[in-house]
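Let me begin by presenting the structure, written as structure tokens, before commenting on it.
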Amino acid sequence: QVQLVESGGGLVQAGGSLRLSCAASGSIFSTNAMGWYRQAPGKQRELVAAIFSGGNTNYADSVKGRFTISRDNAKNTVYLQMNSLKPEDTAVYYCNVQGLGGWPVSKYDSWGQGTQVTVSS
């Protein structure tokens, strides 16, 4: 079983920055796709950014040029640097990691507990 622990959320004024971290632990053989999703009140969960084992990245149009996703494979950790934050970025942010783990080795798809990001105007 793979556990994810998120940190870095909080309250920030519009135009400010925050950095989210998500560390994976447990029986991990590999981490393939690592990503961040968010869910605002009354809205569906949406993909914010993803990074793959080869280093390719994918961003939602709404965050392109403002957010940067990165990963530290040695630490099984994914980061989300959020700059120029806007009130519409307010949401609970969830980390998601997919890969291989356990014994016998099988696929896993784990979610973090969520961290609140609030951007005031």
Side-chain angles (χ1 to χ4, degrees):
Q1 189 173 4
V2 176
Q3 298 81 36
L4 305 182
V5 176
E6 303 168 1
S7 61
L11 173 64
V12 65
Q13 288 188 332
S17 298
L18 284 173
R19 188 190 194 211
L20 305 183
S21 300
C22 172
S25 63
S27 180
I28 298 171
F29 180 75
S30 68
T31 55
N32 300 329
M34 306 180 84
W36 290 94
Y37 290 72
R38 67 186 180 187
Q39 187 167 18
K43 295 187 177 181
Q44 289 188 331
R45 189 174 297 189
E46 62 174 357
L47 175 67
V48 176
I51 185 167
F52 303 93
S53 56
N56 292 338
T57 58
N58 185 31
Y59 293 94
D61 288 342
S62 59
V63 306
K64 284 181 180 177
R66 300 188 297 122
F67 291 10
T68 302
I69 190 169
S70 61
R71 59 189 287 169
D72 184 332
N73 291 327
K75 296 181 179 180
N76 289 324
T77 299
V78 61
Y79 306 95
L80 185 67
Q81 178 66 44
M82 304 184 293
N83 298 329
S84 302
L85 282 161
K86 304 176 181 180
E88 50 264 42
D89 295 317
T90 296
V92 177
Y93 284 69
Y94 296 91
C95 173
N96 174 253
V97 178
Q98 301 172 23
L100 298 174
W103 188 259
V105 175
S106 61
K107 293 181 180 180
Y108 66 86
D109 183 350
S110 296
W111 289 88
Q113 78 283 3
T115 185
Q116 177 70 45
V117 171
T118 302
V119 184
S120 63
S121 58

Discussion item. Within the structure provided, determine whether Val119 and Glu88 are in side-chain contact (heavy-atom separation under 4.5 Å).
Written reply: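 Val119 does not reach Glu88 side chain to side chain.
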Worksheet entry | Side-chain touch Leu80/Arg38, heavy atoms, less than 4.5 angstrom |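 Answer no - side chains too far apart.
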Fill in: Within residues 24-50 or reaching into it, pairs that qualify as ring pair (Phe, Tyr, Trp, His ring centres under 6.0 Å) - sequence neighbours excluded
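Sorted result for residues 24-50: Tyr37-Trp111.
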Cluster check [X], [Y]: I/L/V/M/F/W/Y, side chain < 4.5 angstrom:
{"X": "Val12", "Y": "Leu20", "value": "yes"}
{"X": "Val97", "Y": "Leu100", "value": "no"}
{"X": "Trp103", "Y": "Tyr108", "value": "no"}
{"X": "Tyr94", "Y": "Phe67", "value": "no"}
{"X": "Met34", "Y": "Phe52", "value": "no"}

Worksheet item: side chain to side chain donor-acceptor pair (under 3.5 Å): which pairs involve residues 2-18, sequence neighbours left out?
Response: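 As it turns out, the side chain to side chain donor-acceptor pair (under 3.5 Å) pairs with a partner in residues 2-18, which skip direct neighbours, are Ser17-Asn83.
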Item to complete: Check salt bridge (Lys or Arg N to Asp or Glu O under 4.0 Å) between Arg71 and all other residues, then give those that pass, not counting sequence neighbours.
Response: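 Residues passing salt bridge (Lys or Arg N to Asp or Glu O under 4.0 Å) with Arg71: none at all.
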Worksheet item: Is there any salt bridge (charged side-chain N to carboxylate O under 4.0 Å, His left out) pair reaching into residues 54-69, and which pairs are they, with sequence neighbours excluded?
Response: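 Salt bridge (charged side-chain N to carboxylate O under 4.0 Å, His left out) check on residues 54-69 returns Asp61-Lys64, Arg66-Asp89.
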Item to complete: Output all residues satisfying side-chain contact (heavy atoms from CB on, under 4.5 Å) with Ala24, sequence neighbours left out; order by chain, then residue number.
Response: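 For Ala24, the residues satisfying side-chain contact (heavy atoms from CB on, under 4.5 Å) (neighbours in sequence not counted) are Val2, Leu4, Ile28, Asn76.
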Worksheet entry | For Tyr79, ring-ring contact (aromatic ring centres under 6.0 Å, His included) partners two or more places apart |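 ring-ring contact (aromatic ring centres under 6.0 Å, His included) check on Tyr79 returns nothing, list empty.
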Worksheet item: Is the backbone of Gly102 close enough, under 3.5 Å, to the side chain of Ser27 for a donor and an acceptor to pair up by distance?
Response: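 Here the side-chain-to-backbone pair exists.
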